[in-house]
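Residue numbers start from 1 in every chain, and the chains themselves are labelled A, B, ... in the order their sequence lines are given, proteins ahead of strands.
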Amino acid sequence: MRIATWNVNSVTARLPRLLAWLSSAQPDVLCVQELKCTDEAFPTAEITELGYEVASHGTGRWNGVAVLSKVGLTDVTRGLVDQPGYEDVAEPRAIGATCGGVRVWSVYVPNGREPDHAHYAYKLRWLEALQTTVLAERAAERPFAVLGDFNIAPTDDDVWDISLFTESTHVTEPERKALAMLRDTGLTDVLPRALKYDRPFTYWDYRQLAFPKNNGMRIDLVYADAAFAGAVTDAYVDRDERKGKGASDHAPVVVDLSL
DNA sequence: ATGACGACACAATGTCGA
C-alpha cells in the first residue's frame with residue numbers, strides 16, 4: 001500500500017498538478033493539507049473520476065485538510081478531541097479516516113508566526129489536543145499514523161541553516177518537546193529518503209531561489225505507530241513535484257507499506 | 001534547467017505562509 005501526504009497550497013490552484021501526480025504516483029491514500037477552499041468548492045468530481053473516495057474538511061480561504069483513498073474511506077472524524085480555536089474560530093486542520101484497514105490523520109498544525117505571538121501559544125495548545133487525540137485513537141488494534149504539515153523541524157538538520165532560525169518558530173524547544181511527547185505515545189518519525197542532496201527537505205520557500213539553492217526544511221512528517229512503521233518498505237520525498245511553474249511550496253512525502 | 005513569491009478576497013492592497 002502506498003500512503004502519501006502533501007501540502008498543496010490551494011487544492012483548486014493545484015488541481016492540474018494534483019490530478020497528474022495522483023495518476024503518476026498512484027498513492028492508495030493521500031492526506032492533503034492547505035485546501036484553501038470550502039467543502040462545497042472541493043473538486044470532488046475530478047478526483048473521484050480517478051478512482052478515489054474523498055473526505056474533506058474546509059471552510060474557506062485558510063487551512064483545510066482532506067483524505068483521498070482508493071482502498072475505502074470510513075469512520076471519518078473532523079477535528080481533534082478538545083481542539084482549541086484561534087480567536088474563537090475552530091479551524092479545519094485535522095481529519096481522520098480509516099482506509100484499507102489503516103487509520104490515518106491528515107493534519108495541518110498551526111504555523112505559530114512568531115514565538116511571542118498568540119498564534120504560537122495556539123500552536124502548542126493545538127499540539128496538546130493532537131496528543132490527546134492520538135492517545136484516544138490508539139485504543140484500537142490497527143496500523144495508525146498521523147501525516148501532514150507539522151510546521152516543526154524535528155532536529156537542527158531539518159533546516160538548511162540552523163543559524164538563521166535563532167528568532168524563529170518551527171525549531172523552538174517547546175515545539176520539539178510536543179513532537180517528543182507524540183513519540184512517547186508510541187509513534188515513530190518515518191524518515192523519508194531525499195531524492196537529491198543529503199537531507200529530505202519537504203518545503204522550500206517560493207522566494208529567493210530557495211528551491212534551486214536547496215534552502216529547505218523538513219516539516220511534513222509521518223508519525224506512525226509500531227504496526228505502521230514496521231510495515232514500511234520505502235519512504236521518500238518527491239522533490240520533482242516542487243519543480244516548475246505552478247508548484248506547491250511543499251513536496252509530497254510518499255510511504256510504501258507491505259500490508 | 002529546479003531560477004529571484006504565490007494564493008486569495010477584494011477591487012488596490014492586505015493577510016498569511018514558515
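- Comparing B/dT15 with B/dG3, their C1' atoms sit 26 Å apart, to the nearest whole Å.
- Contact between the side-chain N/O atoms of A/Thr12 and the OP1/OP2 oxygens of B/dC8 is found at a separation under 4.0 Å.
- Residue whose closest nucleotide on DNA chain B sits further toward the 5' end, between A/Val11 and A/Glu114: A/Val11.
- For the pair A/Tyr86 OH and B/dG17 P, the computed distance is 9 Å after rounding to whole Å.
- Close to B/dA18, at under 4.0 Å from its OP1 or OP2, lies no side-chain N or O of A/Tyr120.
- Residues A/Thr12 and A/Leu15 have side chains not in contact (no heavy-atom distance under 4.5 Å, counting atoms from C-beta outward).
- Between A/Asn151 and B/dA18, a side-chain N or O to OP1/OP2 separation shorter than 4.0 Å is present.
- At the heavy-atom level, A/Thr169 lies nowhere under 4.0 Å from the strands shown.
- Note on A/Asp189 versus A/Arg183: no salt bridge recorded, every NZ/NE/NH1/NH2 to OD/OE distance being 4.0 Å or above.
- Ring orientation note: the planes of A/His250 and A/Tyr203 are tilted relative to one another, at an angle of 30° to 60°.
- Atom-to-atom, CG of A/Asp220 to P of B/dA18 comes out at 9 Å; the value is rounded to the nearest Å.
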N/O-N/O pairs, protein side and nucleotides 14-16 of chain B side, under 3.5 Å:
from   : atom 1 : to      : atom 2 : distance (Å)
B/dG14 : N2     : A/Arg61 : NH2    : 2.6

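- Note: CG (A/Asn63) to C1' (B/dA18) measures 14 Å, nearest angstrom.
- One atom, OH of A/Tyr206, and another, C1' of B/dA7, lie 8 Å apart when rounded to the nearest Å.
- The shortest side-chain heavy-atom distance between A/Leu182 and A/Phe150 falls under the 4.5 Å cut-off.
- Aromatic rings of A/His119 and A/Tyr86 (six-membered ring for Trp) have centroids within the 6.0 Å cut-off, being under it.
- The nearest whole Å value for the distance from the CG atom in A/Leu18 to the C1' atom in B/dA7 is 16 Å.
- Among B/dA18, B/dA7, B/dC5, the nucleotide with an atom closest to any side-chain atom of A/Arg14 is B/dA7.
- Comparing B/dG6, B/dA18, B/dG3 by their nearest atom to the side chain of A/Ile219 picks out B/dA18.
- Remark: the separation of the P atoms in B/dA18 and B/dC8 is 15 Å, to the nearest Å.
- Checked against A/Thr77 for a side-chain hydrogen bond (donor to acceptor under 3.5 Å, both in side chains), the options A/His57, A/Arg103, A/Glu137 give a single hit: A/Arg103.
- Taking the six-membered ring for Trp and the full ring otherwise, the centers of A/Trp62 and A/Tyr108 sit at least 6.0 Å from each other.
- Across all strands, A/Asp149 comes closer than 4.0 Å only to sugar-phosphate atoms, never to a base (heavy-atom distances).
- Rounded to an integer number of Å, the gap from A/Trp160 CH2 to B/dA18 P is 13 Å.
- Checked against the 6.0 Å centroid criterion, the rings of A/Trp204 and A/Trp160 do not qualify as a close aromatic pair.
- Residues A/Phe165 and A/Leu35 both approach DNA chain B. Their nearest nucleotides, taken by heavy-atom distance, put A/Leu35 toward the 5′ side.
- For A/Asp249 and B/dA7, the CG to C1' distance is 10 Å, given to the nearest whole Å.
- The separation of B/dA1 from B/dC16, taken at their P atoms, amounts to 37 Å, rounded to a whole angstrom.
- Put simply, CG on A/Leu15 is 15 Å from C1' on B/dA7, counting in whole angstrom units.
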